[in-house]
Amino acid sequence: MAKTLLLIDGNSLAFRAFYAMHSQLERMKNQDGLHTNALVAFNNFLDTLVDPMQPDYCLVAWDAGKTTFRTEKLDSYKGSRQSTPPELVEQFPYLRQLVELHGITSYELPGYEADDIIGTIAKAGAQEGLAVTIVTGDRDLLQLVDENITVLVTKKGVTELETFDPAAVIEKYDGLTAAQVVDMKALTGDTADNYPGVTKIGPVTAIKLLKEWQTLENLYDNVESLKKSKMKDNLINDREQAFMSQDLARIRTDVALPIGIADINYRGADYEGIVPFYQMLNFKQQLAKLHAAGYGKEANEATQNNPAIKMQVITEANLAQVAALEGEISFYLETTSPNYHISEMVGFAIGNATQGYFVARSVDWLLTPVLSNLLTSPAIKKNVYNAKAALVLLNRLGIKLVNVATDIILAAYLLDTNTNVDDIDELAQQFDYYDVESDEAIYGKGAKFAIPTDDDILFKHLVNKVHAIDQLAPKVTAKLIEHEQLPLYESIELPLTHVLAAMEITGITVDTEQLRAQGSKLVERLSELEQAIYRQVGEEFNIQSPKQLGEILFEKMKLPVIKKTKTGYSTAVDVLEKLAPEAPIVEDILQYRQVAKLQQTYIEGLLKVVHSTDSKIHTRYMQTLTQTGRLSSVDPNLQNIPIRLEEGRKIRQAFVPSHPDWQIFGADYSQIELRVLAHITGDEHLQAAFKEDDDIHAATARRIFGLSKDEPVDGNMRRKAKAVNFGIVYGISDFGLSQSIGVSRPEAKKMIETYFEQYPGVDAWLKSVVAEAKLNGYVETLSKRRRYLPEINAKSFNLRSFAERTAMNTPIQGSAADIIKLAMINMQTALQEHGLQAKMLLQVHDELIFEAPTSEIATLEALVPKIMDSAVTLDVPLKVESHYGPTWFDAK
DNA sequence: ATTTTCACG
DNA sequence: ACGTACGTGAAAATG
């Protein structure tokens, strides 16, 4: 194996690091007021990318100062750059220390930029046979790529990188080699570095010219032979500028450096030495990580064996003390896996800081009257981590958990939907609490997972967890109040947890015979299709491998390449549909894909998760996951059971009531997102359409195509208008719309403009919500559900645009989620109050699925829509439709 | 572990 | 000029 050399563009990454965490700028300071955002992100980069790489040699190159040989050639070089923000400048000296502590040499040279240092060492290293990797945020360095030098360019933040080898450069620049990148810059110039290039030549023209003439020199040698054009004149006039730009763009690879490869050994991170540095910077999370790994123990020993935590192992002798717990307690029940319907329970801890904690391995203790009374008592508040898990687990033991006060994960999710943690330790760290070790540290992971046999280790861990819950509960509650989110928590999310737990526990019955019968038909069909495909191709291959399929279609059969993925040819449906007229085999492949999906995901997949004890599927609804406030469903996902195509829809025939002579009953909101849009935008025309119960897509079509009220709307117009309505909800772009309805981009643009003229309230609201996001850094739903959009002010067009679309979509999708959640809570209450046997089983974003005795159907047909459409009062009516039948398939 | 594809709202 | 529709989960292939 060749030795490895890693070269890092310090300034460029420092800038990226600074802006990656720019939204946190004022929050991230140490005790002395030093900003630490770039330091945190840079440290993250070193930890996650450099340390694991373990290069043999490594260097971080920095720019030495403003004046370089380039500024001597062109006064204005980089002249248009705005000056470095002082909040970043103050971090530079510490960035260098950080680099040194990670065992990496820093280097700079007056008169040269970091690029030139990197270029010189890279070439020298490659010469010596090293495998060279360069990391930068600057695409200019791509000119250095060759078979020995790979360049990684930051894509998002500083930890998501895009890899460029020679082939990737050619791909990126549409056929240009890395060596031609300089000449391209010579022709196009660079606005960021402020050098000119040739007038009116952009990347497209530059690439075309260089493909024809290879080099700038060759192009100019032959410039007279070009046919007469404005471009030819520009080339001739700007000849001098072009060569000057080429000179500026070219990274030097021959700088006389006083250091060499031998001076830049990678020494590896000095974890002991880094502890005081992290302490100075107030890097609590990093310190916690180091501590878990065993570094800097002395400093933190006291917190781990916290003498203030009173704990006892439960025995008959101290049950009386357990019984004396009162007021507010915390409870944690540990499992071996996240699927609480089937996981093993390994122990629990209960108590509070003042009265102490009680811990045990055997959950049989929970069945003793003392403990079950505690859990069931309405007089005692319980704080937990993941209330739904606790509800379901205790239900398995026959215990009803009553009076849950604070669920710290649920609250943390409402405070910031980006809180996607699955352990208490990670959650605790987000609230600056570091006295819980990670589950991985205690239990191991993968094949090494094991519950410690040593009571001392397990019990301490469980007590640390329950104490963390106890400590965090008041903190998260205070934050909820600060965000004005207490009503959201208390009146929606926490009651919903109980409803969801009940739905999951009830489960939905599956007719496994029906599934199996469908499965054998599909298997038969699959083998027919497989044979037909092999016959046509003349060889056998794995149809399910996009790689092999791509080779067959685009290399062997030479079909036109419509779209590429980053790893090869795309063989997605939209591509195959375009190819279908060219080769009959494509239709077979599409069929094969469809049938294989049904068989693998829906027949086999579902059969795997049917509980043998009750022939039911018990999904888990993820309540703290989505960025918008929707639920998601896992193990299995019951929110994506096929419906759009008839073949797939049949899967629903296997979902049946749990008793004979019962029915499956479903009710769904009609156009809930567009109704929410009409409400929050206050748009007069959109509201009028809903108040009159118009066909909303037809109404939109009339407006954007300028038809009168009575003129008929043809199907095509309605289809287009429907796409526009979707687009509005998604955060519209002309490109997206043009793709979805197959019109030209200008045409799509015109449609959007007309839409906004016709619905000015929508236009104004979309603008205002983006402005609000830019100002506050977050958007809110009707129920004050909050989503932070840290990239809303990003410099990258892509990231910023994405955040802008999200700002428009989230209040709409999220408010619709708020509404159905309220409806579910009210529904559960109504079913009880009416003494119905009917059970709510599933939620699929805008619909609810029930099972009920046939005798209750008439009641449900009145009750369910009533509850759903009155969950909230909007400026437009909500509309609900219901259906029922002997299976889910028939409830249509 | 990541990528691609495809199922749903 | 940039390169895109919003939100999910699961299966299989592949690195």
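Chain letters run A, B, ... following the sequence lines, proteins first, then strands; residues in each count from 1. No hydrogens, no waters, no symmetry mates; every other heavy atom, side chains included, goes into these values. Predicted, not measured: the structure shown is a model, and the values here were computed from it.
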Aromatic A:F889 / basic A:K892 pairing, under 6.0 angstrom, 45° off normal: yes

Row check, A:Y778 ring normal vs A:R787 NZ/CZ: under 6.0 Å, within 45°: no

With sugar-phosphate meaning primed atoms plus P, OP1 and OP2, does [X] contact a base, only sugar-phosphate, or nothing at under 4.0 Å between heavy atoms?
{"X": "A:V634", "answer": "sugar-phosphate"}
{"X": "A:L737", "answer": "base"}
{"X": "A:N637", "answer": "sugar-phosphate"}
{"X": "A:A748", "answer": "nothing"}
{"X": "A:Q600", "answer": "sugar-phosphate"}
{"X": "A:T810", "answer": "nothing"}
{"X": "A:S733", "answer": "base"}
{"X": "A:G202", "answer": "nothing"}
{"X": "A:E604", "answer": "nothing"}
{"X": "A:I812", "answer": "nothing"}
{"X": "A:T806", "answer": "sugar-phosphate"}
{"X": "A:L625", "answer": "sugar-phosphate"}
{"X": "A:S740", "answer": "base"}
{"X": "A:Q739", "answer": "nothing"}

Face-to-face contact A:F797 to C:dC2 six-ring, under 5.5 Å, under 30°: no

Taking OP1 and OP2 of [N], is either one under 4.0 Å from a side-chain nitrogen or oxygen of [X]?
{"X": "A:R593", "N": "B:dT5", "answer": "no"}
{"X": "A:S545", "N": "C:dT14", "answer": "yes"}
{"X": "A:T567", "N": "B:dT4", "answer": "yes"}
{"X": "A:T628", "N": "C:dG7", "answer": "no"}

Atom [atom1] of [X] and atom [atom2] of [N]: how far apart are they, to the nearest Å?
{"X": "A:Q544", "N": "C:dA10", "atom1": "CD", "atom2": "P", "value": "18 Å"}
{"X": "A:R787", "N": "C:dG7", "atom1": "CZ", "atom2": "C1'", "value": "8 Å"}
{"X": "A:M808", "N": "C:dG7", "atom1": "CE", "atom2": "P", "value": "12 Å"}
{"X": "A:E791", "N": "C:dT4", "atom1": "CD", "atom2": "P", "value": "15 Å"}
{"X": "A:N640", "N": "B:dA7", "atom1": "CG", "atom2": "C1'", "value": "5 Å"}
{"X": "A:R139", "N": "C:dA1", "atom1": "CZ", "atom2": "P", "value": "17 Å"}
{"X": "A:E881", "N": "B:dG9", "atom1": "CD", "atom2": "C1'", "value": "15 Å"}
{"X": "A:D574", "N": "B:dT4", "atom1": "CG", "atom2": "P", "value": "14 Å"}

Side-chain donor/acceptor contact of [X] with base of [N] under 3.5 Å:
{"X": "A:R745", "N": "C:dT4", "result": "yes"}
{"X": "A:S632", "N": "C:dT8", "result": "no"}
{"X": "A:Q639", "N": "B:dC8", "result": "no"}
{"X": "A:R644", "N": "B:dG9", "result": "yes"}
{"X": "A:T601", "N": "C:dA11", "result": "no"}

Side chain of [X], heavy atoms from C-beta onward: which of [options] has the nearest atom to it?
{"X": "A:P546", "options": "B:dT5, B:dA7, C:dG7", "result": "B:dT5"}
{"X": "A:R805", "options": "C:dG7, B:dC6, C:dT4", "result": "C:dT4"}
{"X": "A:K566", "options": "C:dA13, C:dA5, B:dT3", "result": "B:dT3"}
{"X": "A:N542", "options": "C:dG3, B:dT5, C:dA13", "result": "C:dA13"}

May I ask you to check whether [X] and [Y] show a side-chain donor-acceptor distance below 3.5 Å?
{"X": "A:Y569", "Y": "A:E551", "value": "no"}
{"X": "A:T150", "Y": "A:D165", "value": "no"}
{"X": "A:D890", "Y": "A:T887", "value": "yes"}
{"X": "A:E673", "Y": "A:Q813", "value": "no"}

Geometric class of the A:H697/A:F726 ring pair [parallel <30°, tilted 30-60°, perpendicular >60°]: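 Parallel: the ring planes of A:F726 and A:H697 meet at under 30°.
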
P atoms of B:dC6 and C:dA5, separation to the nearest Å: 15 Å

Same-atom distance (P) from C:dT4 to B:dT3, integer angstrom: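 Those two atoms are separated by 15 Å.
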
Opposite nucleotide pairing with C:dC2, Watson-Crick or G-U, both atom distances under 3.5 Å: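 The answer is none; no pair meets the criterion.
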
side-chain hydrogen bond (donor to acceptor under 3.5 Å, both in side chains) evaluation trace for A:D138 with A:S12: CA-CA 7 Å; A:D138 188 348; A:S12 151; 5.8 Å; no

Upstream residue (5' side of DNA chain C) when A:L606 and A:K547 are each assigned their closest nucleotide: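 Checking each residue's closest nucleotide, the 5'-ward one belongs to A:L606.
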
